[in-house]
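Structure record follows, encoded as C-alpha cells.
Since we're looking at a predicted model, the values are computed, not measured. Values below: all heavy atoms of this structure, side chains included; hydrogens, waters and symmetry mates excluded.
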Amino acid sequence: MFRAAFTFRFNANVVATHCAMGALLSLVLSTICIADDKITTPDAGLLPLEELRTFTRVYDHVRNGYVDEIDDAKLLEYAIKGMISELDPHSAYLDKEAFTDLQASTSGEFGGIGLEVSLDEGFIKVVTPIDDSPSARAGILSGDVVIRIDDSPVKGMDLNKAVNLMRGPKNSPIKITVMREGVDQPLDFNLVRDIIKVQSVRTRILEQDYFYIRVAQFQLDTGKEVAKKLRERLKKNPDTKGIILDLRNNPGGVLQASVEVADAFLDGGQVVYTQGRLDNSNIGYNAEAGDITNNLPLVVLINDGSASASEIVAGALQDHKRAVIMGTRSFGKGSVQSVIPISNDRAIKLTTALYYTPNGRSIQAQGIEPDVDVERVEIAAIQKGLATTEADLARHLGNSKGGKESTSKERANKRISSAELLKEDNQLHEALNLLKGLHIFIQRSPLAAAQTGAAPIAADIVVQPEISAEGDHE
C-alpha cells in the first residue's frame, strides 16, 4: 500500500509568505463588491475571489512543496509568463535578454540563423527565413515546423526560449530539425550562426525601364528609405514604365514604417486603422497628398510569409485600386502588439488591437487574397535552336524606316534573359509581364489621336489606292 509522506516543519519564511499572500488576498478583496455581508457577482473589471484563492493556494503549494526550492521573484515571473503566453501566439513577456533581442531585431542586426518564427499548437513554426541568412541559404521554408533544436525537442517550449536557443555568437554551429508538409521524414539542417544584418530595402532594374523594390522587413527607417530610392530612380530615369514592390516572406515590423511605404504610392487617403478596447488603441493612419511615383503601374508580390505590416501595405494598395496584388494568400496576422516597458530592462509584448484595411476588412486569420494567383514553382523554358529570321537572309531588304533589324541571335539572347528570370523566380517573371501589359494598356494611342474624326478602318485590311484604267497593272 502506497502512502504519501508529508514533512511538516516550521519556517519563518513560510510564515512570512502566508502573511504576504494573506495581505495580497485582502487587498484583492477590497475590489470585490460586498453588500449585506454577501459577496455579489463581480462586475466587469473586478477580480474574481474564488480564482484568486485558487491562485494563492497553488502558489503556496508550489513554493513550499516543489522538489527544488524556487525564490518568490522567479515564481512570480513564471506566473506572469504563463498568464501572457496563454493569450495568443504573439503576446509575450520579455525578460532582460528577450527585451534586448527585440530591440536588436528592430534595429536590424543580431546573431543567429535568421528565422522569423511563431508558436503554433506547441510547436515552433517558421513564418519566413530572413533574406541571405543561414536559414534561407540552407533551404528552410516558410511553413516548416521546427521540432528539434540541437536534438532538444521544442514541443511545448516557450517561444522566447526557442528563439534564444537559435540565436548565438557568429560561427557557432547549430542543428535544426523540421517537419515539412508533403515530406514523410524530418529534415535536418546543420547551420552555422552568423551576424544577421537585415537589409530592409534592396532594389534592381529589370529590362532597363522597370524598377524592382524588395522590402525584407519593416524597420524604423524603411519608409524613408523606400521614398528615397523611388525619388532617385525616377530622377535618373523619368521614363520608368512600372514598379514591382516585393513583400514576399516579409514578417512585418514597425507599423509606422508600413504606413510610410504605402504613403509613397498613394495620393492621400486612409492606409489602415486599428481598433482595441482602450481609447488610445483606436487610431487611423492616413497617407499624405502626393504620389511619389505619379501613379506608375504597380504590382505587389505577396505570399504566405507576408505578415502583419506587409499585409497592411498590400491591403491598403488593393483597397485604393492602386496596385495589382500578385502571388499567394498572405499569412493573416491582423493584430497589433504594443511593447510596454514594466521596468528598465523588462517589458511585455501585448496584443492591444486589431487592424483593418481602408475598406474595413480584417486580415486576422484570413490574410490578403491576391488579385492574381501565381504559385512559386520551378519552370524551365523549352530550349530552341536559332530560328532563321528575315534579317538573317542574304540580300534581305533593310527596314525602310531605319528601324533596327531583329536577327535570330538577338532574339535568342532576349529569350535567354527572360528564361533566366523565369527559372530564378517565376512570380517575379509574371509580375514583370503584367507590368508590361499595364504600361501598354494605359498608353494613349497616337494613331487614335491623329485619326480623330476619320472613318475607322478594320484591322488587318490593307486599303489600296485606286488604279487608273490607263495604268499598267497585272
Side-chain angles (χ1 to χ4, degrees), residues 51 54-55 57-102 105 110 112-129 135 138 140-168 172-191 193 251 304-305 307-308 331-333 335 337 339 346-351 364-365:
E51 282 71 17
T54 300
F55 173 79
R57 292 184 188 122
V58 171
Y59 184 95
D60 196 32
H61 282 296
V62 172
R63 186 186 186 281
N64 296 301
Y66 185 65
V67 63
D68 293 326
E69 185 173 350
I70 305 176
D71 62 57
D72 291 332
K74 184 62 67 175
L75 278 178
L76 289 171
E77 186 175 32
Y78 289 165
I80 295 170
K81 286 182 177 180
M83 175 174 61
I84 296 179
S85 66
E86 287 295 313
L87 297 176
D88 63 72
H90 308 293
S91 294
Y93 171 76
L94 306 176
D95 57 20
K96 183 177 181 179
E97 187 175 0
F99 194 21
T100 301
D101 286 343
L102 176 67
S105 62
F110 53 92
I113 59 174
L115 276 183
E116 180 75 20
V117 295
S118 66
L119 195 63
D120 184 15
E121 297 182 356
F123 285 105
I124 307 301
K125 188 172 184 178
V126 177
V127 175
T128 181
S135 297
I140 295 179
L141 303 178
S142 174
D144 286 349
V145 176
V146 179
I147 58 174
R148 287 192 296 273
I149 301 174
D150 281 335
D151 296 323
S152 297
V154 300
K155 173 69 174 177
M157 184 180 291
D158 174 76
L159 181 61
N160 287 330
K161 182 177 180 181
V163 170
N164 289 335
L165 286 177
M166 288 187 283
R167 290 189 177 177
S172 58
I174 182 174
K175 180 181 177 182
I176 302 293
T177 304
V178 306
M179 290 296 298
R180 180 173 296 171
E181 186 176 357
V183 179
D184 295 334
Q185 299 297 322
L187 302 174
D188 291 328
F189 293 90
N190 293 301
L191 310 176
R193 294 182 180 91
D304 53 5
S308 192
F331 184 75
K333 181 182 177 295
S335 58
Q337 282 68 48
V339 177
R346 286 173 171 78
I348 57 173
K349 186 173 67 171
L350 189 66
T351 300
Q364 178 60 28

Is the shortest side-chain heavy-atom distance between [X] and [Y] below 4.5 Å?
X: Y93; Y: M83; value: no
X: L165; Y: I174; value: no
X: L141; Y: V126; value: no

List the residues meeting salt bridge (Lys or Arg N to Asp or Glu O under 4.0 Å) with [X], not counting sequence neighbours, and say none if there are none.
X: K125; answer: D120
X: K155; answer: none
X: D71; answer: none

Mind checking the [atom1]-[atom2] spacing from [X] to [Y]? Nearest 0.5 Å is all I need.
X: T54; Y: E51; atom1: OG1; atom2: CD; value: 6.0 Å
X: D95; Y: I80; atom1: CG; atom2: CD1; value: 11.0 Å
X: L187; Y: M179; atom1: CG; atom2: CE; value: 7.5 Å
X: I348; Y: K81; atom1: CD1; atom2: NZ; value: 14.0 Å

For [X] versus [Y], what's the shortest heavy-atom pair and its separation?
X: I84; Y: A92; value: CG2-N, 3.4 Å
X: F123; Y: V146; value: CD2-O, 4.0 Å
X: K333; Y: A307; value: CB-CB, 4.5 Å
X: A138; Y: F189; value: O-CE2, 3.4 Å
X: P129; Y: I140; value: CG-O, 3.3 Å
X: E116; Y: P251; value: CG-CB, 3.2 Å

Of the options L159, V145, L115, V178, which is the one that meets I124 in a side-chain contact (heavy atoms from CB on, under 4.5 Å)?
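Filter result, single survivor: L159.
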
Answer yes or no: is there a donor N or O on one side and an acceptor on the other, between the side chain of [X] and the main chain of [Y], under 3.5 Å?
X: D88; Y: H90; answer: yes
X: T351; Y: Q337; answer: no
X: K175; Y: T177; answer: no
X: S135; Y: I113; answer: yes
X: R193; Y: M166; answer: yes

